[in-house]
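Report on the following structure.
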Amino acid sequence: MVYLSRYFVITYFRSFRFIPPVAVFCLWVVIFYTYSQKDIMNSYLISSIVVYLISAWLTHSMFHREDHSERAIILTHIKSKMKFLLSKNIAVLVYGSLLIIFAIVYPLILNGFLTAPTISVIIVSIISHVLLCQLGVIVGMFFAVTKHSQYHWLATCLVLMVSLVTEAVANGIPTFLAWILWLLPPINNIVHIHNFGDSFIINTTIIQNYIIVISYIIIASSIIVYRFKKFEY
């Protein structure tokens with residue numbers, strides 16, 4: 001599986017499909033930290049949300065890199081759709097990790113914060129970036145694993161946008177429909193963590209929110225595996 005992940009990383013790199021999402025993200029980070037010093041947790045929350053959006057873009061782009069015949073050859077060789085999905089996931093996370101490192105380190109080098117971040121702040125911010133990156137992969141993968149459709153990008157963008165404003169949407173829909181929002185990625189749990197501000201210690205509330213996000217990732221990943229096995233194109 002390591003070799004398959006490496007294969008996906010290299011072939012995606014050689015295709016140059018990574019350039020648009022990576023360039024957009026790097027440009028955004030540079031512009032975001034150009035003008036004034038910012039709050040640490042709020043800034044890292046915003047950058048983690050942008051990672052969430054970009055990772056979904058990367059996932060769609062990577063899944064549609066190879067044609068049907070190449071995918072069939074790969075699946076025949078490895079004889080496991082689970083390995084295929086996991087290797088694709090790892091490959092996207094490799095690119096996502098580079099974006100996360102840039103998002104975390106760049107403002108530190110630039111001294112772009114009002115105060116010096118504590119170890120707790122850095123740890124929580126890294127975890128938030130990683131989890132939101134994986135949530136973005138899940139959203140992108142959910143629609144990318146089945147037969148390509150002109151509506152896949154539209155559906156992906158819709159889920160991404162609505163997941164960012166679930167509280168506002170919840171206030172505007174009937175109560176009996178509120179359960180639908182539970183199907184969306186739990187972005188608000190990450191937001192609640194960063195609302196503690198720049199001075200905090202890791203507590204049970206933060207841990208509980210992370211457990212909810214991780215549980216969602218596990219359940220959603222299981223559903224994606226089922227979809228891929230049943231409807232793979």
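Remember, it's a predicted structure, so these values are computed and weren't measured experimentally.
Taken together through direct or relayed side-chain contacts under 4.5 Å among Ile, Leu, Val, Met, Phe, Trp and Tyr, Val51 and Val130 form part of one hydrophobic cluster. Hydrophobic clustering keeps Tyr3 apart from Leu86 (ILVMFWY residues linked when any side-chain heavy atoms are closer than 4.5 Å, directly or through intermediates). By the criterion of side-chain heavy atoms lying less than 4.5 angstrom apart, applied directly or through intervening Ile, Leu, Val, Met, Phe, Trp or Tyr residues, Leu58 is grouped together with Val24 in one hydrophobic cluster. Side-chain heavy atoms closer than 4.5 Å link hydrophobic residues (I, L, V, M, F, W, Y) into clusters, and following such links, possibly through other members, connects Ile218 to Ile211. Under the 4.5 Å side-chain heavy-atom criterion for Ile, Leu, Val, Met, Phe, Trp and Tyr, Ile212 and Ile187 are members of distinct hydrophobic clusters.
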>> Under the criterion side-chain contact (heavy atoms from CB on, under 4.5 Å), I'd like the reasoning laid out for Ile190 against Asn209: C-alpha separation, chi angles, the key distance, then a yes or no.
In response: CA-CA 7 Å; Ile190 302 293; Asn209 278 292; over 6 Å; no

> Under the side-chain contact (heavy atoms from CB on, under 4.5 Å) criterion, do Val225 and Lys81 qualify, and how do the steps go?
Replying inline: CA-CA 8 Å; Val225 170; Lys81 290 185 176 181; over 6 Å; no

>> Working note: Arg17 + Met62, criterion side-chain contact (heavy atoms from CB on, under 4.5 Å); need CA distance, chi angles, decisive distance, verdict.
In response: CA-CA 8 Å; Arg17 286 172 174 258; Met62 183 174 290; over 6 Å; no

> Step by step, would you call Tyr44 with Val124 a side-chain contact (heavy atoms from CB on, under 4.5 Å)?
Replying inline: CA-CA 10 Å; Tyr44 278 148; Val124 166; over 6 Å; no

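Although no hydrogens or angles enter the test, the distance criterion places no donor-acceptor pair under 3.5 Å between the side chain of Ser48 and the main chain of His129. Side-chain N or O atoms of Ser15 include one that pairs as donor or acceptor with a backbone N or O of Tyr12 at under 3.5 Å. No side-chain donor-acceptor contact under 3.5 Å links Ser87 to the backbone of Phe84. A side-chain donor-acceptor contact under 3.5 Å links His192 to the backbone of Asn188. Although no hydrogens or angles enter the test, the distance criterion places no donor-acceptor pair under 3.5 Å between the side chain of Thr166 and the main chain of Val162. The closest donor-acceptor contact from the side chain of Asn89 to the backbone of Leu85 lies at 3.5 Å or more, if one exists at all. Using a distance-only test at 3.5 Å, with no hydrogens or angles considered, a donor-acceptor pair links the side chain of His194 to the main chain of Met41.
Expressed to the nearest 0.5 Å, how far CD1 of Ile90 lies from CZ of Phe8 amounts to 10.5 Å. Considering OG of Ser163 and CG of Leu183, their distance stands at 12.0 Å, rounded to 0.5 Å. Going from atom CD1 of Ile31 over to atom SG of Cys26 covers 11.5 Å, rounded to the nearest 0.5 Å. Here CD1 of Ile223 is found 13.5 Å from CE of Met141. Values are rounded to the nearest 0.5 Å. Between the CG atom in Leu131 and the CD1 atom in Ile193 there is a gap of 8.0 Å [rounded to 0.5 Å]. Going from atom CD1 of Ile224 over to atom CD1 of Ile219 covers 12.0 Å, rounded to the nearest 0.5 Å.
Surrounding CE of Met161 are more than 12 heavy atoms belonging to other residues, nucleotides or ligands, all under 6.0 Å away.
Under the rule for a side-chain contact (heavy atoms from CB on, under 4.5 Å), the partners of Ile49 that lie at least two apart in sequence or sit in another chain are Leu45, Leu132, Leu164.
Heavy atoms only, all atoms of each residue included: Ile40 and Pro117 are closest at CD1-CA, 3.5 Å. The two residues Ala56 and Thr156 come nearest to each other via the heavy atoms CB-CG2, 4.4 Å.
Because its NZ or CZ atom is both nearer than 6.0 Å to the ring centre of Phe32 and within 45° of the ring axis, Lys38 counts as a cation-pi partner of that residue.
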Going by atom type alone, with no hydrogens or angles, which donor-acceptor pairs under 3.5 Å involve a side-chain atom of residues 93-111 and a protein atom two or more places apart or on another chain?
{"residue": "Tyr95", "atom": "OH", "partner": "Val9", "partner atom": "O", "Å": "2.7"}
{"residue": "Tyr95", "atom": "OH", "partner": "Phe13", "partner atom": "N", "Å": "3.2"}
{"residue": "Ser97", "atom": "OG", "partner": "Leu93", "partner atom": "O", "Å": "2.6"}

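Val139 has its side chain within reach of Pro185: a pair of non-hydrogen atoms, C-beta onward, lies under 4.5 Å apart. The shortest distance between side-chain heavy atoms of Trp57 and Trp153 falls below 4.5 Å.
When ring centroids are compared, Phe142 and Phe228 stay outside the 6.0 Å threshold. Two rings, from Phe143 and Phe63, have their centers 6.0 Å or more apart.
Classified by interplanar angle (parallel below 30°, tilted 30° to 60°, perpendicular above 60°), the ring pair Tyr33/Phe113 is perpendicular.
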